[in-house]
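Okay, structure first, notes after.
What you see is a predicted model, and the numbers here were worked out from it, not measured in a lab. All chains are named by letter (A, B, ...) in the order of the sequence lines, taking the proteins before the strands, and each is independently numbered beginning at 1.
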Protein chains: 2
Amino acid sequence: MGSALIDPLTRKLESFGSLSTVEQAALRRTEGTRVPIERHHDIVSAGDQPRSVNVLLEGFACTYTLLPEGKRQITFFHLPGDVLDLPSLFIPVMDYSLCSLAHSQLLRIPHEAMLALFHEHPRITHLFWRETLIYAAIFREWMVGIGRRPAFASVAHLFCELIVRMQAIGLAVDHQVDLPLTQADIGDALGLSSVHVNRTLQELRGAGLIKMTRSRLRAIDWHGLCDAGEFDDSYLHQQQMG
Amino acid sequence: MGSALIDPLTRKLESFGSLSTVEQAALRRTEGTRVPIERHHDIVSAGDQPRSVNVLLEGFACTYTLLPEGKRQITFFHLPGDVLDLPSLFIPVMDYSLCSLAHSQLLRIPHEAMLALFHEHPRITHLFWRETLIYAAIFREWMVGIGRRPAFASVAHLFCELIVRMQAIGLAVDHQVDLPLTQADIGDALGLSSVHVNRTLQELRGAGLIKMTRSRLRAIDWHGLCDAGEFDDSYLHQQQMG
DNA sequence: CGGGAGGTTGAAATCACTCAATTAGAGTGG
DNA sequence: CCACTCTAATTGAGTGATTTCAACCTCCCG
């Protein structure tokens, strides 16, 4: 059943480590329910105690936290192949919320199935742990950007990260990606107001670094964009580059 | 040899999950070399490819990243019991640097010994993984603070986090802790200038929330401090509270 | 041809930064 | 025990980045 469905997960895991045929087969055999989800719907909310884990098969999602005054901080953008709520396997209560940013497809896998997979395949366990550690590296890089980089560099860096991550799973060609992000989303990720994001995007366009329509981002000058964002992809620890 | 030394690690692991006597014994049996380290010395640097892992036995350390222009972003404060460079087990090249903030004691454990421990004790593996996930939750909370909270709340939140984490390992009594942080360190962690940190600390003192000497922090009004920082300790997922 | 979400613009206000000088403290050597 | 020194804390003034508020525009979709 999961057969073709779980492919994005396999592809993602293989973007930073290799799997044996046996392990690939075990992943494919893992049971799960396909769940479609509309744009801008919560997938899991802070405080929930999930009994299953959600794999993003298609679409786009984000992790976020809401502050008392109503401000929002997005703490991660999830791409196809990501396990959205892996922490729920080891930490019963969710401390963050998840929201779809585009019409998406999820694969819902029961905790038991996931834990059985880990039990039987230690290398898969290590790959998932490795993924957790790479996410932590991405978090650190976001902290650097939010804390110490001015808006221009910060936005450039985010775009570089997303393009490289999309490329690693085959969803970007030629530094060009579908990005269903509003300027408010970008601002909430980088700690900026949407007005300031708007002006910063104009600067990036003016500098000839990017072209951007409603839902498509293209890096016209990839090296220039990397420079502007002080971007060095080594922290993403990709096995291969696109 | 590691016998008495590894205790802080055991205590830390038990602060968010329980260990059997067998598992505790296995941890105690793990070989390692004790290494003292001066204040303000790098323990590991970005780009290194360590063959061993460092446990902080005593003292205080931080993870940081240096930007081209010389700015620094601290991305984590490590307390006794923390494994400082666990990622090096699964990710060969370090993407961050580590620095001691006080005279400290390390326990250096070879990668093989660590991996053997994981191989033989799956529950220890899961506890360490759980620790990694809790760190990720702390990272998210830092992003929220850096990105969306004004300085006053941001500093208050950081102090709350450190006091609770110190309490969990028995190093804080009565909301009072030894904190060998300069105002520049605090600023580099929160994305603020040291001048602004100075003024913010004066406000916190003026509001009757804290008392602070060079290396000692005391929350005079714990609830007030939590309010000011919008602090809710659930994201730290502590097993027990001190 | 509305309606609504998201993008764009301008002006005023604010938070935080930089620069530069001064003070306080802790440790050291004589 | 006192000068000396270095690091860290403090202060003031001027600047700059980013926010807020509020209005207006534009595009997409039904």
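- Rounded to a whole Å, the CG atom of A/Leu192 is 14 Å from the P atom of C/dA16.
- Rounding to whole angstrom units, CG of residue B/Asp188 and P of C/dC17 are separated by 11 Å.
- Atom NZ in B/Lys71 sits about 6 Å away from atom P in C/dT18, given to the nearest Å.
- In this structure, A/Met212 atom CE and D/dT26 atom C1' are separated by 17 Å, rounded to whole Å.
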Side-chain polar contacts of residues 60-69 of chain B - donor-acceptor pairs under 3.5 angstrom, sequence neighbours left out - could you list them?
{"from": "B/Thr63", "atom 1": "OG1", "to": "B/His78", "atom 2": "NE2", "distance (Å)": "2.8"}
{"from": "B/Tyr64", "atom 1": "OH", "to": "B/Asp42", "atom 2": "OD1", "distance (Å)": "3.0"}
{"from": "B/Tyr64", "atom 1": "OH", "to": "B/Asp42", "atom 2": "OD2", "distance (Å)": "2.8"}

Would you mind writing out the side-chain donor-acceptor pairs for residues 168-175 of chain B within the sub-3.5 Å range, not counting sequence neighbours?
none

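- Under 4.0 Å is where a charged nitrogen must lie from a carboxylate oxygen, and between B/Asp188 and B/Lys71 no such pair does.
- Protein atom CD1 of B/Ile146 is 13 Å distant from nucleotide atom P of C/dA16, rounded to whole Å.
- Defining each end axis of the helix from C/dT8-D/dA23 to C/dG30-D/dC1 as the rotation carrying four pairs' C1' atoms onto the next four, with five pairs an end, the two axes are found to diverge by 40° to 10 degrees.
- A search for side-chain contact (heavy atoms from CB on, under 4.5 Å) contacts involving B/Arg214 returns nothing, not counting sequence neighbours.
- At a threshold of 4.0 Å, the pair B/Asp95-A/Arg140 counts as salt-bridged, since one of the basic side-chain nitrogens sits closer than that to a carboxylate oxygen.
- In this structure, the NE2 atom of A/His196 is 9 Å from the C1' atom of D/dT19, given to the nearest Å.
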Please list each protein N or O that sits under 3.5 Å from an N or O in nucleotides 4-9 of chain C, with the distance.
{"from": "C/dG7", "atom 1": "OP2", "to": "A/Gln183", "atom 2": "N", "distance (Å)": "3.0"}
{"from": "C/dT8", "atom 1": "OP2", "to": "A/Gln183", "atom 2": "NE2", "distance (Å)": "2.7"}
{"from": "C/dT8", "atom 1": "OP2", "to": "A/Asn198", "atom 2": "ND2", "distance (Å)": "2.8"}
{"from": "C/dT8", "atom 1": "O5'", "to": "A/Asn198", "atom 2": "ND2", "distance (Å)": "3.2"}
{"from": "C/dT9", "atom 1": "OP2", "to": "A/Gln202", "atom 2": "OE1", "distance (Å)": "2.9"}
{"from": "C/dT9", "atom 1": "OP2", "to": "A/Gln202", "atom 2": "NE2", "distance (Å)": "2.7"}

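- Between A/Arg148 atom CZ and C/dT18 atom P there is a gap of 8 Å when expressed in whole angstrom units.
- Residues satisfying the salt bridge (Lys or Arg N to Asp or Glu O under 4.0 Å) test with A/Glu203, not counting sequence neighbours, are none.
- In this structure, B/Asp82 pairs ionically with B/Arg165, as a charged nitrogen and a carboxylate oxygen lie closer than 4.0 Å.
- Residue contacts shown for A/Gly187 are absent, as no nucleic acid heavy atom lies under 4.0 Å away.
- Between B/Arg216 atom CZ and C/dG25 atom C1' there is a gap of 18 Å when expressed in whole angstrom units.
- A donor-acceptor contact closer than 3.5 angstrom links the side chains of A/Thr182 and A/Asp185.
- A salt bridge links B/Glu141 with B/Arg149; the closest basic N to acidic carboxylate O contact falls under 4.0 Å.
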